[in-house]
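We use all heavy atoms of the structure for the numbers below, so side chains are in, but hydrogens, waters and symmetry mates are not.
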Amino acid sequence: MFPFEVEPKQSIELEEIGKYFKQFYDNKLHGKDLNNKKHTDWKNWELKSFMNLAKDNPIKYLTKNEKNKDFFEYKNNIFYLNEKLYNEIKNNYMLLNNILDRLNYRNINYFNRKYMEEK
């Protein structure tokens, strides 16, 4: 479900994030979240539009005013995890699985609450 499912990465290019966003929103339930004028005709978007969507949210909010600089950085169309954080996650399988489980739970919980459906 997540772009780093097998092995965590310290950095990921915006293009790869855009491909993940396209795959994520192609899911019928997830696609319901793209329901305003800004997302008109999203099913026909090119990859660049999904890349821009990712830059707009969450990348912009995770890196805005360097508020999470201890964790994330974004430059030259590459999103980075802090080296210390990356090494901690990479070397601790249980921590990685815990993070993935929490992200998966939040994703499922969000869509179930918002659309009152089961995934």
Side-chain angles (χ1 to χ4, degrees):
M1 171 168 267
F2 300 99
F4 44 82
E5 204 167 324
V6 176
E7 172 90 22
K9 297 179 181 182
Q10 185 173 8
S11 64
I12 186 168
E13 292 184 17
L14 181 60
E15 183 174 340
E16 192 172 344
I17 297 171
K19 287 176 184 176
Y20 173 77
F21 266 49
K22 179 171 179 17
Q23 176 187 350
F24 180 83
Y25 287 112
D26 276 345
N27 176 293
K28 184 179 177 181
L29 178 59
H30 300 158
K32 289 181 178 183
D33 229 25
L34 300 179
N35 59 6
N36 59 36
K37 287 183 183 181
K38 183 178 179 180
H39 304 119
T40 301
D41 201 31
W42 69 268
K43 289 182 180 180
N44 295 313
W45 282 4
E46 299 290 326
L47 177 59
K48 186 157 184 74
S49 296
F50 286 100
M51 291 166 58
N52 288 332
L53 180 64
K55 268 175 49 174
D56 224 22
N57 186 19
I59 292 172
K60 178 174 119 181
Y61 293 100
L62 290 172
T63 59
K64 186 178 181 180
N65 300 326
E66 297 185 344
K67 80 175 184 185
N68 293 311
K69 68 180 177 180
D70 292 339
F71 306 105
F72 311 109
E73 184 179 2
Y74 181 72
K75 61 182 178 184
N76 301 322
N77 288 330
I78 301 175
F79 186 72
Y80 298 90
L81 278 179
N82 166 288
E83 186 173 357
K84 185 177 176 185
L85 175 62
Y86 168 70
N87 286 326
E88 182 68 29
I89 292 169
K90 182 178 93 171
N91 296 318
N92 188 335
Y93 179 77
M94 288 179 62
L95 175 61
L96 174 61
N97 278 333
N98 188 288
I99 291 169
L100 293 174
D101 284 346
R102 287 170 186 255
L103 291 171
N104 192 39
Y105 169 79
R106 290 197 55 155
N107 179 45
I108 290 169
N109 188 43
Y110 169 80
F111 283 98
N112 284 343
R113 279 184 299 118
K114 186 161 184 180
Y115 299 106
M116 304 294 282
E117 296 178 17
E118 291 202 19
K119 190 167 179 184

Inset, instruction - Look up atom CG in Asn52 and atom CG in Asn57, then write down how far apart they are to the nearest 0.5 Å. - result: 13.0 Å
Legend entry - side-chain hydrogen bond (donor to acceptor under 3.5 Å, both in side chains) between Asp41 and Asn44, worked out: CA-CA 6 Å; Asp41 201 31; Asn44 295 313; 2.6 Å; yes
Inset, instruction - Indicate yes or no: does Glu88 engage Lys90 in a salt bridge with an N to O separation below 4.0 Å. - result: no
Inset, instruction - Following the transitive rule for hydrophobic clusters with a side-chain heavy-atom cut-off under 4.5 Å over Ile, Leu, Val, Met, Phe, Trp and Tyr, establish whether Ile17 and Ile78 coincide in one cluster. - result: no
Inset, instruction - Give, for atom NZ of Lys22 and atom CG of Leu47, the distance between the pair rounded to the nearest 0.5 Å. - result: 8.5 Å
Inset, instruction - To the nearest 0.5 Å, tell me how far Ile108 CD1 sits from Leu103 CG. - result: 11.0 Å
Legend entry - Rounded distance [0.5 Å steps], CD1 in Ile99 versus CG in Asn92: 8.5 Å
Legend entry - Lys9 to Glu16 - nearest heavy-atom pair and separation: NZ-OE2, 2.6 Å
Inset, instruction - Can you establish whether the number of heavy atoms outside Lys114 located under 6.0 Å from its atom NZ is more than 12? - result: yes
Inset, instruction - Show the numbers, then the answer: is there a side chain to side chain contact (heavy atoms under 4.5 Å, CB included) between Leu62 and Tyr74? - result: CA-CA 9 Å; Leu62 290 172; Tyr74 181 72; over 6 Å; no
Legend entry - Leu85 versus Leu81, closest heavy-atom pair with distance: CD2-CD2, 3.8 Å
Inset, instruction - Might you point out which heavy atoms bring Trp42 and Gly31 nearest each other, and give the distance in Å? - result: CZ2-CA, 3.5 Å
Legend entry - Residues Glu15, Lys19: salt bridge by 4.0 Å N-O rule: yes
Legend entry - Asp56 side, atom CG; Met51 side, atom CE - distance, nearest 0.5 Å: 13.5 Å
Legend entry - Heavy-atom donor-acceptor pair, Asn98 side chain to Met94 backbone, under 3.5 Å: no
Legend entry - Check: His30 ring centroid to Tyr25 ring centroid under 6.0 Å: no
Inset, instruction - Would you confirm whether Asn36, through its side chain, and Lys38, through its main-chain N or O, come within 3.5 Å as a donor-acceptor pair? - result: yes
Legend entry - Distance-only donor-acceptor check, side chains Tyr93 and Asn97, under 3.5 Å: yes
Inset, instruction - State, to 0.1 Å, how close Tyr80 and Lys75 come at their nearest heavy-atom pair, and which atoms those are. - result: CE1-CG, 3.8 Å
Inset, instruction - Could you check if a side-chain atom of Leu14 sits within less than 4.5 angstrom of a side-chain atom of Lys55, using non-hydrogen atoms only? - result: yes
Legend entry - Nearest non-hydrogen partners of Tyr115 and Lys32, listed with the distance: OH-O, 3.0 Å
Legend entry - Verdict with reasoning, Tyr61 to Asn68, per side-chain hydrogen bond (donor to acceptor under 3.5 Å, both in side chains): CA-CA 9 Å; Tyr61 293 100; Asn68 293 311; over 6 Å; no
Legend entry - Pairwise distance CG(Leu53) to CZ(Phe24) - rounded to 0.5 angstrom: 10.5 Å
Inset, instruction - Evaluate whether atom CZ of Phe71 has more than 12 neighbouring non-hydrogen atoms of other residues, nucleotides or ligands under 6.0 angstrom away. - result: no
Inset, instruction - Indicate, with yes or no, if the rings of Phe79 and Phe72 have centres closer together than 6.0 Å. - result: yes
Legend entry - Donor-acceptor contact below 3.5 Å, side chain Ser49 vs main chain Trp45: no
